[in-house]
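Note that these values count all heavy atoms, side chains included, but never hydrogens, waters or copies made by symmetry.
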Amino acid sequence: MEENTQFKILRNVKRLLVYRPPTEPSRFVLGEGADDGRSEAAEEKGLKTSAAELAALARYGRRLETTMAKVQAALTGGAWVEEGETLRAECAALEKQWAELRPVLLAYDATADNLAERPVSTSLEENRKIVERLYRLPANKDVVMRHIMLGTEPPLKATLVFMEGLTNGQFVTLGVIQPLMLLADKRRQLSGDGLLKQISEQLLPGSQVKQVGKFRDVQAAINMGDTVIFFDGAVEALQVETKGWEHRGVDRPMTEQTIRGSQAGFSENLRVNTALVRSMLRATDLVTELIPVGARTRMNCAVMYLESVANPKLVAEVKRRIKKVDTDYLNDSGLLEQFIGDRFILPLPQALSTERPDRVAAHLSEGRVAIILEGSPFALVVPALFFTFFHSGEDFSLQPAAANFLRFLRLFGTLISTILPGLYIALTYFHQEALPSELALAIAAAREEVPFPAWFEVFMMEVSFELIREAGIRIPGMLGTTIGIVGAIILGQAAVAARIVSPIIVILVAITGLASSVIPEFRMALFARLSRFGLLLASVTMGLVGLASGMLVMTVALCSMKSFGVPYMVPVAPRTVAGLDVVVRGAAWQRERRPDALNPLDPSRQAKNSREWEQGLPAGEDDK
C-alpha cells in the first residue's frame with residue numbers, strides 16, 4: 001500500500017528524534033592525551049599481578065597433585081624400586097619450587113616489571129611462562145620453543161628456546177636436539193647439583209657451552225642466535241652457540257679502495273671482522289673483549305688492543321666510556337662514536353673510521369685501540385689525530401717519496417678547498433692592489449655582463465655543487481654519473497652562456513670541489529666544505545682580515561681539542577717527537593719507534609738496524 005504524505009513526514013520526524021545505534025563500527029583514532037591506554041594499563045596492573053601469583057600457585061598445585069598420585073601408585077603397585085629414583089628427583093624439584101613460591105618472595109618477584117632481572121627458576125613451567133611473556137608468545141612467530149624429554153635415568157624434561165633465522169637450523173637439530181634425545185639413554189645417571197655440568201660435558205658437542213643464571217643473559221643469548229636450554233629442577237640454563245644468520249661475505253672495501261695492498265673489507269658480522277684483524281695481526285697478546293651496548297638490543301661491541309703495547313689507561317678509558325653508554329639501540333659505529341667521543345663545537349671526527357682490516361692491524365701495532373660494533377662494516381680506531389685522517393691504506397705499500405708526495409698533496413688540497421673561495425672574494429672586493437693588473441682586468445672583463453655581485457656568484461655555485469654532489473650520492477646506479485655530468489658540464493656551460501655566473505667562478509668552484517675530493521676521510525672532507533662557507537662569509541664582511549681571523553679561530557679550536565686524552569694536533573701542537581709515520585712517512589727500516597703521543601708500553605717498533613744483511617757478504621761468497 002502506498003504511503004501518504006502525512007505518514008512520510010511522521011516517519012522522518014521519528015527518525016530524527018528516536019536514537020538508533022550506529023550500524024558501522026567506530027573508526028580508530030590514536031589519542032595523544034594522558035588517557036591513551038596508560039591509565040587502563042595501570043588499573044589492570046594489580047589484577048594481572050594477582051592473577052600471575054594465583055596462576056603460579058595453581059601450576060605448583062597441579063604438579064604436586066600429579067607427583068603425589070605417582071607416589072601413591074608406586075607404593076600401592078609395588079613399583080617403588082623401579083620408579084623410586086624418578087619420584088625422588090621430582091620431589092626434590094618440588095621442594096626447590098616451593099622455596100621460590102613462598103608468599104613474600106612470590107609477591108616481590110611477581111610484581112616486578114623487569115622480568116629480565118629475574119633468576120632462572122627450578123620450575124620448567126615457570127621458565128616457559130616467563131619466556132612467553134618476554135617474547136610475546138604465541139603472537140611472536142620467529143621464537144621457537146621446543147619441549148623434549150631426555151631418556152636418562154631418571155627422565156629429564158627440557159625446553160629449548162632459539163630464534164629462527166638467527167640460528168643454524170642444521171646444527172640445532174644435529175648438534176643439540178639429537179644428542180639430547182637420542183644419545184642420552186638410561187645408562188647415564190644425570191642428577192644432583194652437577195646436572196648442567198654433566199650435560200655440557202657428556203651430551204652437548206657444541207664448541208661453546210656455558211651456564212646462564214638470569215633472564216637478562218637468556219635474552220641476550222637468544223637475540224644473538226644462540227640456543228638456551230632450560231632443564232627441570234636446574235637453577236640455571238645452558239647457552240649453546242648456534243649462530244648462523246645470513247650475512248654479507250668478505251668483499252672489497254667500497255670507500256677505501258687501493259691499487260696495492262689488501263683487498264679485504266669488513267662485513268656486518270662481528271666474528272668475521274675480528275677474525276680478519278686477527279688473521280693480519282697474529283699476535284698472542286692481541287686481546288678482543290666483548291662489551292654489550294644498548295639497554296634493549298644489547299649489541300656486542302669488540303674492543304681490540306695489543307696488551308703488551310697499548311697504554312692500559314687508554315684501554316681502561318675506552319672500555320669505561322663504552323660501558324657507560326645508556327641508550328636503547330645502536331645501529332652504526334658512527335652513533336657509538338658520538339656517545340663516547342668528547343664534546344666539541346667543531347664537527348671534526350674524533351675516531352678513525354675504516355673498513356680495512358689491514359689499517360686496523362697497523363694502528364693496533366702502534367698502540368691504538370680498535371672498536372668494532374656488531375652489524376657495522378666500519379671499525380673505529382682511537383685516539384685519532386688530525387694528521388691521521390690524511391693517511392690512506394695505500395701509503396703502507398708505497399715508497400716514502402711517493403707516499404709523502406700524496407700526503408702533502410692531500411694537505412694542500414684541504415687548504416685549497418677551505419680558503420680559495422674566501423681568498424678570491426677578499427682579493428677582488430677589498431685588496432685589488434694585491435692582484436696583477438692583467439689578472440684584475442681579466443676578472444673585471446669576465447664579470448662585465450654578470451648582474452650579481454661576486455660573493456653571490458660564489459655562494460650560488462657552491463650551493464649548486466653541493467646539491468649535485470648530494471644528488472649523485474643518493475641516486476643509485478648509473479644515474480649518479482648522469483647527474484654529475486648534467487650538473488657539472490651542462491649546467492655550468494648553460495650558466496656561463498646565460499651570463500648568470502662568470503667563467504672564472506666555474507673554474508674556482510671546480511678546483512675547490514676537486515681539492516676536497518682528495519681528502520681520504522669523508523668526514524674530514526665534509527668539515528672542509530663547511531669551513532669553506534664560514535670563511536667565505538668572514539671574507540665578504542672583512543676581507544683578508546676576516547679570512548685570517550676565521551683561520552685563527554679554527555687553529556685555536558683545533559689545538560684545544562683532544563681525542564681520548566691525546567691532543568688533536570700532536571705532534572705540531574704540543575710539539576712532540578713526531579716519528580716517521582705521522583706527518584712525514586719514512587722508509588720501513590727507519591720507523592723504529594711508535595708514536596710518542598700514544599705513550600705505548602713498548603715504544604720501540606723494531607731493532608735499530610733491521611737491515612743486517614747489508615753488513616754481511618753476499619750468499620755464496622762466505623768461503624772465498
Side-chain angles (χ1 to χ4, degrees), residues 165-171 224-225 241-283 286 288 290 293 297 299-304 330-337 349 351-365 368-382 384 388-398 406 469-470 472-484 517-526:
L166 295 182
T167 56
N168 186 332
Q170 187 176 7
F171 183 80
M224 288 297 299
E241 184 176 17
T242 56
K243 299 180 181 66
W245 61 81
E246 297 294 331
H247 58 84
R248 186 167 58 97
V250 178
D251 202 353
R252 299 184 64 178
M254 300 299 293
T255 60
E256 296 177 273
Q257 293 189 8
T258 59
I259 298 174
R260 292 198 61 183
S262 171
Q263 301 298 320
F266 287 131
S267 68
E268 285 75 11
N269 190 296
L270 178 64
R271 289 298 188 183
V272 173
N273 295 342
T274 56
L276 283 173
V277 176
R278 193 170 285 277
S279 66
M280 296 188 176
L281 189 62
R282 302 187 180 186
L286 176 59
T288 303
L290 294 181
V293 185
T297 56
M299 303 289 286
N300 272 333
C301 177
V303 178
M304 304 185 73
L330 286 174
N331 64 342
D332 187 70
S333 57
L335 281 176
L336 180 62
E337 181 186 351
L352 177 66
S353 177
T354 178
E355 57 177 334
R356 297 183 61 90
D358 57 340
R359 290 194 75 186
V360 172
H363 286 294
L364 288 177
S365 66
R368 289 185 172 86
V369 179
I371 304 168
I372 306 176
L373 183 67
E374 187 166 16
S376 174
F378 290 89
L380 299 177
V381 178
V382 294
T388 308
F389 297 101
F390 297 94
H391 300 178
S392 74
E394 208 162 24
D395 294 351
F396 300 100
S397 306
L398 297 177
L406 293 177
R469 186 201 302 265
E470 189 67 16
I473 295 174
R474 302 304 162 204
I475 295 178
M478 296 300 294
L479 288 177
T481 308
T482 306
I483 289 292
S517 300
V518 302
I519 305 174
E521 172 68 30
F522 168 76
R523 295 171 299 170
M524 184 60 76
L526 181 60

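With rounding to the nearest 0.5 Å, the separation of CD in Q263 from CG in D358 is 9.0 Å. We find the CZ-OG1 distance between F266 and T274 to be 9.0 Å, quoted to the nearest 0.5 Å. The line from CG of L336 to OG of S353 is 11.0 Å long, rounded to the nearest 0.5 Å. To the nearest 0.5 Å, the span separating CZ on R356 from CZ on F378 amounts to 12.0 Å. Atom CG of L364 is separated from atom CZ of R278 by 10.0 Å, given to the nearest 0.5 angstrom. Note that the CD1 atom of I372 and the CG atom of N300 stand 12.0 Å from one another [nearest 0.5 Å].
Contact record, L276 with G265: CD1-O, 3.7 Å, taken as the closest heavy-atom pair. Between L330 and V293 the shortest heavy-atom distance is CD1-CG1, 3.1 Å. The nearest pair of heavy atoms linking M299 to E374 is CE-O, 3.2 Å. When all heavy atoms are compared, the tightest approach of M280 to S262 is CE-OG, 3.3 Å. The two residues P377 and G375 make their nearest non-hydrogen contact at CD-O, 4.0 Å. For the residue pair A525 and I519, the shortest heavy atom distance occurs at CA-CD1, 3.8 Å.
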For S267 and D251, what are the C-alpha separation, side-chain angles and deciding distance, and is it a side chain to side chain contact (heavy atoms under 4.5 Å, CB included)?
CA-CA 8 Å; S267 68; D251 202 353; over 6 Å; no
T288 vs V277, side chain to side chain contact (heavy atoms under 4.5 Å, CB included): CA-CA, chis, key distance, verdict
CA-CA 10 Å; T288 303; V277 176; over 6 Å; no
Please lay out, stage by stage, how H363 and T354 fare under the test side chain to side chain contact (heavy atoms under 4.5 Å, CB included).
CA-CA 11 Å; H363 286 294; T354 178; over 6 Å; no
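Put simply, the side chain of R271 does not reach to within 4.5 Å of the side chain of K243, judged on heavy atoms. Counting heavy atoms from C-beta outward, R368 and T388 have side chains that approach closer than 4.5 Å. Looking only at side-chain heavy atoms (C-beta outward), P357 and N273 stay at 4.5 Å or farther from each other.
Using a distance-only test at 3.5 Å, with no hydrogens or angles considered, no donor-acceptor pair links the side chain of E337 to the main chain of L380. In this structure, S376 contributes its side chain and N331 its backbone to no donor-acceptor pair below 3.5 Å.
Under the salt bridge (Lys or Arg N to Asp or Glu O under 4.0 Å) criterion, R469 pairs with E466, not counting sequence neighbours. Shown here are the ring-ring contact (aromatic ring centres under 6.0 Å, His included) partners of F389, two or more places apart in sequence or in another chain: there are none. Among residues two or more places apart in sequence or in another chain, the side chain to side chain donor-acceptor pair (under 3.5 Å) test is passed with E521 by R523.
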